[in-house]
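Data block below; observations after.
From a predicted model like this one, the values you see are computed outputs, not experimental measurements.
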Amino acid sequence: MTNPAGGLPSRSKRTEVLEKRPVNLDGFVEEWPEVGMVAMDSPYDPEPGVRVENGVIVEMDGRRRADFDFLDQFIADHAIDVAVTERAMAIPAAEIAHMLVDPRVPREEVLAVSRGLTPAKLLEVVKTMNVVEMMMALQKMRARRTPANQAHSTSAQDNPIQVAAEAAEAALRGFRELETTLGVVRYAPLVAIALQVGAQAGKPGVLTQCALEEATELELGMRGITAYAETISVYGTEPVFCDGDDTPWSKAFLASAYASRGIKMRFTSGTGSEVQMGYAESRSMLYLEIRCILVTKGAGVQGLQNGSISCIGVPGAVPAGIRAVLAENLIASTVDLECASGNDQSFSHSDLRRAARLLPQLLPGTDFICSGYSAVPNYDNMFAGSNLDAEDYDDWNVIQRDLQVDGALRHVPEAEILAARNRAARALQAVFAHLGLPPITEEEIDAATYAHGSNELPLRDVLEDLKGAQRVMDGGVTGLDIVKALHAGGFEDIAESLLGVLKQRVSGDLLHTSAILTPELTTLSAINDANDYAGPGTGYRPSGDRWEEMKALRHVVSARDPEREVG
């Protein structure tokens with residue numbers, strides 16, 4: 001096609017090809033600092049500063065105590081160490097950044113400074129750092145030495161048999177925490193039980209949660225039908241907090257309710273939530289997220305799910321937004337919180353962008369590299385889809401092998417997967433029968449064993465399932481009842497694993513920062529597996545049996561006999 005005046009074409013073929021690339025289906029927007037549409041460098045962010053009188057912070061980041069909002073007050077009174085804050089704040093931001101990056105500066109020395117820093121000072125520090133420097137710092141600052149991973153196990157039909165099978169496969173593939181949620185909230189008891197049973201059928205010691213409104217989620221935890229919680233959201237401005245009928249104090253009280261029963265829990269926050277909800281107060285997304293991080297610290301909670309999470313489309317649309325997401329992960333680790341570093345909700349049509357979003361957490365390692373890798377196809381993911389899903393397992397495992405980095409997953413031969421999925425479905429069948437819940441048929445078990453997603457499963461009688469779910473709640477069913485049901489049904493090993501998880505609740509060991517359970521049902525945390533990275537040749541790196549496991553993938557052939565696969 002030529003222009004009307006003749007001569008050169010009106011549009012190049014190159015441009016036409018580029019316009020059809022998936023990345024151009026993504027949304028991008030220019031910065032608008034006045035409404036908070038800026039990642040981490042707003043002219044309206046406050047200048048760092050602090051003043052202490054008689055052991056009380058009376059001025060912080062340019063605001064006098066009389067003018068504090070409730071986040072300022074909570075952070076000043078509970079998140080900042082008054083004894084060190086003036087000394088820590090006097091250290092130049094670039095010098096603190098050097099401490100973060102330099103492997104010769106011990107993590108404990110950085111923590112001694114970070115506990116005295118205000119939100120504006122933490123922002124100033126990370127603004128001096130590029131992405132590679134942040135990754136170097138994150139490698140040192142994560143709490144637990146050994147990285148781990150968390151997955152979503154959900155069903156578009158809220159089908160408990162599918163959830164059990166998917167949980168078994170996810171556990172077998174290496175996930176140490178599994179999370180589910182519902183389309184129909186009243187299905188929660190059945191799906192939470194299914195997740196719990198399926199997880200233990202795959203690998204002992206996997207922790208599970210059911211993300212719901214807070215009262216039901218807490219009740220399921222108290223009953224021992226879940227082992228941890230993380231969907232307790234905190235926000236960076238007072239109007240957004242109040243919009244959720246909450247304050248930092250009410251969230252801290254809720255956290256203590258979980259802790260009182262030995263239930264592991266994290267708060268959730270993420271860059272972009274305040275601008276998405278219309279109350280950013282002209283601050284940058286990252287500044288407001290740092291306030292969330294310090295509220296979490298002040299509440300005494302062991303960890304934080306952050307990395308923009310369900311708001312990732314907002315920072316993903318502005319310049320340096322993904323850099324800001326990495327910065328929030330680093331700051332969470334720098335103030336000694338467990339960090340479940342996002343990589344969950346889908347945000348891009350581009351496979352290249354999806355990988356670029358992942359690598360800053362995968363390469364240095366975090367406590368949980370994903371706080372929601374979708375263990376199901378994305379059409380089944382009830383958390384609005386994920387950056388990675390069940391169709392990406394092989395890609396993930398190859399990246400681990402290519403770079404010799406441990407993303408905490410493993411390749412599993414198909415026969416093992418099918419056996420685990422089938423056994424999980426049969427164990428759930430036995431539990432449902434023992435508890436008098438709607439029966440699970442052989443047809444459903446076979447379908448769940450071989451299915452890719454809910455489209456291949458028979459439809460359940462939803463009304464009968466909901467009646468059964470209500471009986472679970474009305475009958476006071478607990479985790480011990482599920483243990484008894486598994487034992488009565490002939491699944492003694494799964495019963496023993498679930499009982500072991502419940503025993504950990506009594507010990508309180510799951511309340512340690514970055515706590516997970518090993519398949520041997522021992523706690524691994526920042527206490528007994530502290531990050532010891534101190535430069536080349538130190539810290540965690542895949543070796544020995546783990547490295548041999550990572551090498552053995554699907555379609556790897558013998559060097560001596562190319563006709564034979566060794567994976």
Side-chain angles (χ1 to χ4, degrees), residues 33-34 36 38-53 55-102 105 109-130 133-134 137 141 234-238 248 269 271 274 280-298 304 306 320 323-337:
E34 287 76 12
V38 58
M40 55 189 294
D41 197 10
S42 171
Y44 302 106
D45 287 335
E47 292 295 320
V50 73
R51 187 162 60 89
V52 177
E53 291 181 0
V56 175
I57 293 176
V58 296
E59 188 173 321
M60 183 175 72
D61 294 342
R63 189 178 282 181
R64 295 176 302 175
R65 190 174 184 90
D67 300 321
F68 282 180
D69 63 14
F70 63 39
L71 282 97
D72 292 321
Q73 184 179 340
F74 191 85
I75 291 167
D77 292 348
H78 300 289
I80 296 175
D81 187 339
V82 178
V84 304
T85 184
E86 291 183 319
R87 185 167 64 254
M89 290 289 288
I91 302 172
E95 184 176 334
I96 299 173
H98 275 274
M99 294 174 66
L100 281 164
V101 173
D102 189 345
V105 177
E109 191 173 324
V110 179
L111 295 179
V113 171
S114 70
R115 68 173 184 255
L117 301 182
T118 67
K121 186 71 170 191
L122 286 164
L123 177 63
E124 186 181 41
V125 169
V126 294
K127 281 168 63 173
T128 71
M129 305 171 73
N130 63 32
E133 291 159 349
M134 290 183 198
M141 294 310 300
V234 289
Y235 305 98
T237 64
E238 191 171 292
S269 61
T271 291
E274 296 82 13
E281 299 180 348
S282 299
R283 309 301 197 189
S284 70
M285 300 178 200
L286 183 57
Y287 170 74
L288 297 181
E289 170 58 15
I290 294 169
R291 301 180 91 200
C292 298
I293 294 169
L294 291 182
V295 165
T296 304
K297 180 71 174 177
L304 184 66
N306 78 346
R323 175 181 171 229
V325 169
L326 174 59
E328 63 173 289
N329 297 149
L330 172 59
I331 292 168
S333 297
T334 298
V335 300
D336 205 23
L337 295 171

Going by the rule side chain to side chain contact (heavy atoms under 4.5 Å, CB included), which residues pair with [X] if we only count those two or more places apart in sequence or in a different chain?
X	value
Glu47	none
Ala79	Ile75, Leu294
Asp77	Arg65, Gln73
Arg323	Met40, Val131, Met134, Ala320

Minimum-distance pair of heavy atoms, taken over all atoms of [X] and [Y]:
X	Y	value
Val82	Val56	CG1-N, 4.3 Å
Ala112	Val84	O-CG2, 4.1 Å
Ile57	Phe68	O-CE1, 4.1 Å
Gly49	Thr118	O-CG2, 3.9 Å
Ala137	Leu330	CB-CD1, 3.7 Å
Glu238	Phe70	OE1-N, 2.8 Å

If I take atom [atom1] from residue [X] and atom [atom2] from residue [Y], how far apart are they, to the nearest 0.5 angstrom?
X	Y	atom1	atom2	result
Asp67	Glu59	CG	CD	9.5 Å
Leu123	Leu288	CG	CG	10.0 Å
Ile290	Leu122	CD1	CG	5.5 Å
Leu286	Ser42	CG	OG	11.5 Å

Checking [X] side chain against [Y] main chain: does a donor-acceptor pair fall under 3.5 Å?
X	Y	answer
Glu281	Thr237	no
Asp45	Ser284	yes
Arg64	Val58	no
Asn306	Glu328	yes

Would you say Val50 and Lys121 make side-chain contact, with heavy atoms under 4.5 Å?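 A side-chain contact is absent here, since even the closest heavy-atom pair is not under 4.5 Å.
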
Could you pull out every donor-acceptor pair under 3.5 Å between side chains of residues 85-100 and any protein atom, sequence neighbours left out?
{"residue": "Thr85", "atom": "OG1", "partner": "Gly116", "partner atom": "O", "Å": "2.7"}
{"residue": "Glu86", "atom": "OE2", "partner": "Val52", "partner atom": "N", "Å": "3.1"}

Contacts satisfying salt bridge (charged side-chain N to carboxylate O under 4.0 Å, His left out) that involve residues 286-297 (not counting sequence neighbours) are Asp69-Arg291, Asp72-Arg291

Does the distance from a Lys or Arg side-chain N to an Asp or Glu carboxylate O, for Glu124 and Lys127, drop under 4.0 Å?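 Salt bridge between Glu124 and Lys127, a charged N being under 4.0 Å from a carboxylate O: no.
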
